[in-house]
Amino acid sequence: MSVWKRIGNLFAKPEPPKVEKSMLQLSPGDICEVSLVTYEVTGCVHNRSRNAVVLTLQDGSSIAYLHIEERETVQYALYTPIDGRLDAPDEVPTIIELDDGVYHLEEEYGGHVAITGRTPFTQSGEQHVWQYQSDDYRLVRIEWQNGRFMLYEGEKVIPGDVKVIRAT
């Protein structure tokens, strides 16, 4: 190494430390752990107006959806898809009776979402969401976008059970 290069290295600024991604910033290809299960993130639906994201997670052949929303604290819910059918957004009920429980409408909202990777919906656009909760804290989520419904059931996840393993 030449003397000039050595002198230049003495005055060079050190490379800034790499900032780690938060769960809200994960994108396809990243790896995370939820309740001791390791998943690859394959898709992301981001609702900027609510500071919320739904990650499509894959562990082998099983697919799950992690809803993350930052309010006063960061809240997590892990969902799996369920079979069901609705005809129109104005026919979504306020109370849903499924096999083993009754779910009450907790929140209804809409907004523009940005989509990356593999998700149930293929393109960004306006999405409408209904979130339900039962008396024993189980959750149901209904999404409507571009004339298509998706139904999920799940449960809340405590923040200590969620972590980033590898972010690209």
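Between R50 and E69 a salt bridge is recorded (basic side-chain N to carboxylate O distance below 4.0 Å). The residues E91 and R85 are annotated as not salt-bridged, no charged nitrogen and carboxylate oxygen being separated by less than 4.0 angstrom. The existence of a salt bridge linking E40 and R166 is excluded, since no basic side-chain nitrogen approaches an acidic carboxylate oxygen closer than 4.0 Å.
Considering all non-hydrogen atoms of both residues, H104 and D135 come closest at CD2-OD1, 4.5 Å. In terms of heavy atoms, G110 sits closest to H128 at CA-ND1, 3.9 Å. In plain terms, the two heavy atoms of F121 and R148 that are nearest each other are CE2-O, 3.5 Å. When every heavy atom of Q145 is checked against every heavy atom of S124, the shortest pair comes out as NE2-C, 3.8 Å. Between G154 and Y79, the shortest heavy-atom distance links the atoms N-CD2, 3.6 Å. The minimum heavy-atom distance between K21 and A167, with the atom names listed, is CD-CB, 3.6 Å.
Here the options are T122, T56, V45, V54, the test is side chain to side chain contact (heavy atoms under 4.5 Å, CB included), and the partner is I115; only V45 passes.
Taking CG from L139 and CD from Q133, the interatomic distance works out to 5.5 Å, rounded to the nearest 0.5 Å. Taking CG from L105 and CD1 from I142, the interatomic distance works out to 8.5 Å, rounded to the nearest 0.5 Å. One finds the CG atom of L36 at 8.0 Å from the NZ atom of K163 (value rounded to the nearest 0.5 Å). Atoms OG and CD1, from S134 and I96 in turn, are 11.5 Å apart once rounded to the nearest 0.5 Å. Once rounded to the nearest 0.5 Å, the distance linking OG of S35 with CG of D161 reads 4.5 Å.
You'll find the side chain of Y137 stays beyond 4.5 Å of the side chain of K156, heavy atoms only. At a threshold of 4.5 Å between non-hydrogen side-chain atoms, the residues T42 and T119 do not count as touching. With contacts defined as side-chain heavy-atom distances shorter than 4.5 Å, the pair Q131/Y109 qualifies. Side-chain atoms of Q127 and N47, non-hydrogen and from C-beta on, never get closer than 4.5 Å to each other. In this structure the side chain of V92 reaches within 4.5 angstrom of the side chain of F149, judged on heavy atoms.
Taking E97 as the reference, V102 meet the side chain to side chain contact (heavy atoms under 4.5 Å, CB included) condition, with sequence neighbours excluded. In this structure, the ring-ring contact (aromatic ring centres under 6.0 Å, His included) partners of Y152, at least two apart in sequence or on a different chain, are Y65.
Grouped with Y76 in one hydrophobic cluster are M23, L24, L26, V34, V37, Y39, V41, V53, L55, L57, L66, I68, V74, L78, V157, V162, V164, the linkage being side-chain heavy-atom contacts under 4.5 Å among Ile, Leu, Val, Met, Phe, Trp and Tyr residues.
Counting non-hydrogen atoms of other residues, nucleotides and ligands closer than 6.0 Å to CG of D99 gives a total of 12 or fewer.
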**Q.** Test log, rule salt bridge (Lys or Arg N to Asp or Glu O under 4.0 Å), inputs R141 and E108
**A.** CA-CA 10 Å; R141 178 180 173 92; E108 175 184 353; over 6 Å; no
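Judged by distance alone, the side chains of Q75 and H67 never bring a donor and an acceptor atom under 3.5 Å apart.
Counting only distance, with no hydrogens or angles, the side chain of Q58 and the backbone of G60 share a donor-acceptor pair below 3.5 Å.
Under the 4.5 Å side-chain contact rule for hydrophobic residues, I82 and M150 do not share a cluster.
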